[in-house]
Amino acid sequence: MPFQHAVVWLDQTEAHVIHFTRDDAMTEVIKTTSQHQKAGVTGNHRAEPDHTYMDEVIAAVTDAKQILVVGPGVEKLVLMRHMAKSYGETAEKVISVETVDHPNDGQLLTYARKYFVKSDLTN
């Protein structure tokens, strides 16, 4: 059975991507290979985003029909800017960007399933 929904939780060091249906799920963890600290303002300079990391995360969710992007900091916004600029078709599948602290994969899956139930009911 193909997965319709995907949730991606990310920070500056790793992304947890979960493709899921009501009854099944598949999880993938993508780690950045760069030593960048944060794709935002650090001290008096702006750190460059790790585009290879962002590309890998985007590739992991491209086949989903609907995508929820979550995370604790600005990395989710950096991902969305990169996605909108370079992967417009995938960006159009993102239904929301939410702030979520550091859940484990089970908590993330529960959050996403509840989110999509609410989303499916209002659409």
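The residues of the chain are indexed from 1 along the displayed sequence. All figures in this text were calculated on a predicted structure; none of them were measured in a lab.
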Where the side chain of [X] meets the backbone of [Y], is there a donor-acceptor pair that is under 3.5 Å apart?
| X | Y | result |
| --- | --- | --- |
| K76 | V70 | no |
| Y111 | P103 | no |
| E92 | E89 | no |

Search all heavy atoms of [X] against all heavy atoms of [Y] and return the closest pair with its distance.
| X | Y | answer |
| --- | --- | --- |
| A60 | H19 | O-NE2, 2.6 Å |
| M54 | V78 | CE-CG1, 3.8 Å |
| I67 | F116 | C-CZ, 4.2 Å |
| I18 | A25 | CG2-CB, 4.1 Å |

Qualifying salt bridge (Lys or Arg N to Asp or Glu O under 4.0 Å) pairs, either residue in residues 10-23, two or more places apart:
E14-K31
Evaluate the criterion side chain to side chain donor-acceptor pair (under 3.5 Å) for residue pair Y53 and T33; output intermediate values, then yes/no.
CA-CA 7 Å; Y53 171 54; T33 56; over 6 Å; no
So how far is it from [X] [atom1] to [Y] [atom2], rounded to the nearest 0.5 Å?
| X | Y | atom1 | atom2 | value |
| --- | --- | --- | --- | --- |
| R113 | L68 | CZ | CG | 13.5 Å |
| H5 | K65 | NE2 | NZ | 9.5 Å |
| E56 | T32 | CD | OG1 | 8.0 Å |

Give me the ring orientation class for W9 and H16: parallel if the planes are under 30° apart, tilted from 30 to 60°, perpendicular past 60°.
perpendicular
Please step through side-chain contact (heavy atoms from CB on, under 4.5 Å) for the pair I95 and Y115, ending with a clear verdict.
CA-CA 10 Å; I95 62 165; Y115 188 91; 3.6 Å; yes
Among all residues two or more places apart in sequence or in another chain, which pass the side-chain hydrogen bond (donor to acceptor under 3.5 Å, both in side chains) test with Y87?
D55
Are H51 and H82 an aromatic pair by the rule of ring centers under 6.0 Å?
yes
Could you walk me through whether V7 and L109 pass the side-chain contact (heavy atoms from CB on, under 4.5 Å) check?
CA-CA 8 Å; V7 60; L109 180 58; 5.7 Å; no
Are V29 and I58 linked, directly or through intermediate hydrophobic residues, by side-chain heavy-atom contacts shorter than 4.5 Å (ILVMFWY only)?
no
Is there a donor-acceptor contact under 3.5 Å linking the side chains of D105 and T27?
no
So V69 and L10, side-chain contact (heavy atoms from CB on, under 4.5 Å) or not? Walk me through it.
CA-CA 8 Å; V69 177; L10 77 158; 4.1 Å; yes
